[in-house]
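By convention in this document, chain letters (A, B, ...) are assigned in the order of the sequence lines, proteins followed by strands, and residues within each chain are numbered from 1.
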Amino acid sequence: MYRTHTCGELRLSDAGKQVTLAGWVQRIRKMGSLNFVDLRDRYGITQLVTDDNGPREVTDILNQLGREYVLQAKGIVAERQSKNSKIPTGDIEIKLSKLTILNPAVTPPFTIEDQTDGGEDLRAKYRYLDLRRNPLKNALMLRHTMALEARKYLDGNNFMEIETPCLIKSTPEGARDFVVPSRMNPGQFYALPQSPQQFKQLLMVAGYDRYFQIVRCFRDEDLRADRQPEFTQIDCEMSFVEREDVLQMFEGLVKHLFKTVLHKDFTAPFLRMPYDEALAHYGSDKPDMRFEMLIHEITKNVQGKGFSVFDSAKYVGAIAVPGCADYSRKQIDELTEWVKRPQVGAKGLIYIKLNTDGSIKSSVDKFYSPEELKNIAEVVEAKENDLILVMCGDKHKTQVALGTTRLEMGNRLGLRDNSIYKPLWVYDFPLLEWDDETQRFYAMHHPFTAPKPEDMDKYYSDDKYGLAEVKANSYDFVLNGTEVGGGSIRIHDSKVQHRMFEILGFTKEQAEYRFGFLMNAFKFGAPPHGGLAFGFDRFCALFGGQDTIRDYIAFPKNNMGRDVMADAPSYIDDVQMKELYITSTAPKQEEK
RNA sequence: GGUGCGGUAGUUCAGUUUGGUUAGAAUACAUGCCUGUCACGCAUGGGGUCACGGGUCCGAGCCCCGUCCGCACCGCCA
């Protein structure tokens, strides 16, 4: 037996016990003939001690040790002379009777401590060492608990976890597929699933009316701090449900996770907001509800006063930034430059300051009387000492730019506190999105999303503008400005589904080739159904109060989609290529 | 595909403004001293392809061009 206890469990009540521990050397402190070793494992740190009265062999071995050596330590649990209240085992230490080096270790390239000296790049290369650190260990522990509690809740509500295949048919709608060549079927490829969407719908046809799966999904798109090429969803689907049933069920899941993982009670129903309102007031389809600073349209209030910039704009909107009337000229200039960056997309910035002495100062004083400016202030719900920021232009673009600015000002004012959680359902998304480049509609969610029943007339009309107004029976779960979940009531009527393919510009043959098996299945009695999928990595990151999902994935990819530890992807040899009937058009690289 | 920031000791960074002798600090590492440390302390020591390639110059870590790599973001992500 390598150990009798872990390095995190011994307490004062264990004093006098003969124990054996195993773990890694966290730190050695030599005080002459009195020597300490902090021994670390997953569960904590226990101090080992030896002095002149201890066995000579122990001291000899102790002199050979370095950081991260793997040890087995035998000894007696003893009360410490001077205790350490910082760690749970701080009242005791192990008086060593025997010390064994199970394995030596080279000095790690960075310190294995909560505040490490290692940079991201280096830690990624030695991920297995980074994972020894508490912050990452705690992140993975949080993830484990989240998954466990999600399973408990769903199991308690009669959901069955069913696995769906990873080698599936490529359906090049939406994100790019990762593809896998098939050796036995020359020239043909599987795709890795972007989500198990079609399979879960088939499970509904099969009568498994409550399905879930914590499942890996793959999308071959560029990465971000919150986007990985392979990521995990809590994927769920239910039969015989309407939107309200789905929202209730998964609001319950989120509340269960809040309670069991973060010990936060959410008794009131989550806020709900139609997509149009989200865009109008927050300039985003995923509003951050932790602070107000709402966007207000002031087009009618500012036009016709001779200011040509506003007069020629389709839309003029504003936000009132609290307590920022004292912004200096320099700060306003800096902000103006900031909003003009492509990432924000505004053409310019007009300000109105509501000074504390009651006066009003703006960059458009020439065109507007103080009375008119006061009117605007009222519309945007500005108070004394507020700074009103005004933008104009195309309606959607300006709303989004105001939304981006709103988030930035929220950041600057410290209004986006990661310990506060404001959940929200956004619903009534447009069903379709027109793409100018390809001159066709795309499904905003996916092509199996049902239109809202009251929009069916428009859905079947050939009017492009009418179609653009059709709302989807879909919903997103948004937490603190991050889209964490999304779903919809699905189409279960093959007539409606065929109309969708028609709108998306598929010929019957194309629809048959891509989705034939699903359409065929629906002929055999598809129940009304709908569901939702949570982005599990993002969910974990939000619960952990972090902006990046990388810490919540044991072995993530870097910005370029590379595994820098294993150095993947990599070239394969010609034999392998030939066997798979594939050739590469990429420039040939010398193998290292 | 694009924008921004960055690449200097094992590691994290300073040095680049205004090119100029031997490139510094902290930490880590090594050695020695130390019986109550727990970020131990003290002393000593070793440690550098200034990312790579080219250019300008009497002279480049520093200026210019290109490449590679990392991070954040835009596009993209049904």
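Along RNA chain B, the nucleotide nearest A:G118 and the nucleotide nearest A:E433 are compared for position; the residue whose nucleotide lies closer to the 5' end is A:G118.
As rounded to the nearest Å, B:rG47 and B:rU27 have C1' atoms that lie 13 Å from one another. Only the C1' atoms considered, B:rA51 is 8 Å distant from B:rC69, to the nearest whole Å. Here, B:rA28 and B:rU18 have their P atoms 37 Å apart, quoted to the whole Å. As rounded to the nearest Å, B:rG24 and B:rG46 have P atoms that lie 13 Å from one another. B:rG61 and B:rA14 are spaced 12 Å apart, taking the C1' atom of each and rounding to whole Å. When the C1' atom is compared between B:rA60 and B:rG15, the two are found 14 Å apart, to the nearest whole Å. B:rU11 sits 10 Å from B:rU49 when the P atoms are compared, rounded to a whole Å. The C1' atoms of B:rG1 and B:rG59 are separated by 41 Å, rounded to the nearest whole Å.
Side chains of A:D114 and A:P135 form a contact here, defined as non-hydrogen atoms less than 4.5 Å apart. Side-chain atoms of A:H5 and A:L21, non-hydrogen and from C-beta on, do get closer than 4.5 Å to each other. Counting only heavy atoms from C-beta outward, the side chains of A:Y43 and A:E9 never approach each other to under 4.5 Å. Under the 4.5 Å side-chain criterion, counting only non-hydrogen atoms from C-beta, A:N35 is not in contact with A:I28.
Counting non-hydrogen atoms of neighbouring residues, nucleotides and ligands closer than 6.0 angstrom, the NZ atom of A:K137 exceeds 12 such neighbours. Dense packing is recorded around OH of A:Y128, with more than 12 heavy atoms of other residues, nucleotides or ligands lying under 6.0 Å away.
No engagement by A:T50 is indicated, since no non-hydrogen atom pair under 4.0 Å with the nucleic acid exists. Among the heavy atoms of the strands, none lies under 4.0 Å from A:I45. A:P109 comes within 4.0 angstrom of the backbone, heavy atoms only, and of no base.
Look at CH2 on A:W338: it is 14 Å from C1' on B:rG4, rounded to the nearest Å.
For B:rU3, the paired base is B:rA72 (Watson-Crick or G-U wobble, both distances below 3.5 Å). Pair assignment for B:rG41 gives B:rC33, based on Watson-Crick or G-U wobble hydrogen-bonding distances that are each under 3.5 Å. Look at B:rU12: its Watson-Crick or wobble partner, with both distances under 3.5 angstrom, is B:rA25. With a cut-off of 3.5 Å on both pairing distances, the Watson-Crick or G-U wobble partner of B:rC52 is B:rG66. Under the Watson-Crick or G-U wobble criterion, with both distances below 3.5 Å, B:rU18 is left unpaired in every strand shown. Look at B:rG47: it lacks any Watson-Crick or wobble partner with both distances under 3.5 angstrom.
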| Nucleotide by nucleotide, 5' to 3', does protein get under 4.0 Å of the base (B), only the sugar-phosphate (S), or neither (-) in nucleotides 42-48 of chain B, counting heavy atoms? | -------

| remark: B/S/- along nucleotides 69-77 of chain B (protein heavy atoms under 4.0 Å) is -SBBSBBBB

| request: At under 4.0 Å between heavy atoms, which parts of nucleotides 28-38 of chain B does protein reach? Answer with one letter per nucleotide, 5' to 3': B base, S sugar-phosphate only, - none. | output: SS----BBBBB

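Remark: the A:R490 side chain and the A:S488 side chain contain an N/O donor-acceptor pair separated by less than 3.5 Å.
Ion pairing between a basic and an acidic side chain is recognised when a charged N comes within 4.0 Å of a carboxylate O; A:D14 and A:R11 show no such pairing. Using a cut-off of 4.0 Å between Lys/Arg side-chain N and Asp/Glu carboxylate O, A:D476 and A:K286 are scored as not salt-bridged.
A:W434 is linked by a ring-ring contact (aromatic ring centres under 6.0 Å, His included) to A:F441, counting only residues two or more places apart in sequence or in another chain. Annotation: side-chain contact (heavy atoms from CB on, under 4.5 Å) contacts of A:V400 (sequence neighbours excluded): A:H396, A:T404.
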| task | I would like to know whether A:Q213 and A:L203 meet side chain to side chain contact (heavy atoms under 4.5 Å, CB included); could you show each step before the answer? | result | CA-CA 12 Å; A:Q213 184 180 190; A:L203 287 171; over 6 Å; no

Let me check something: any side-chain donor-acceptor pairs from residues 340-348 of chain A under 3.5 Å, sequence neighbours excluded? List them with distances.
none

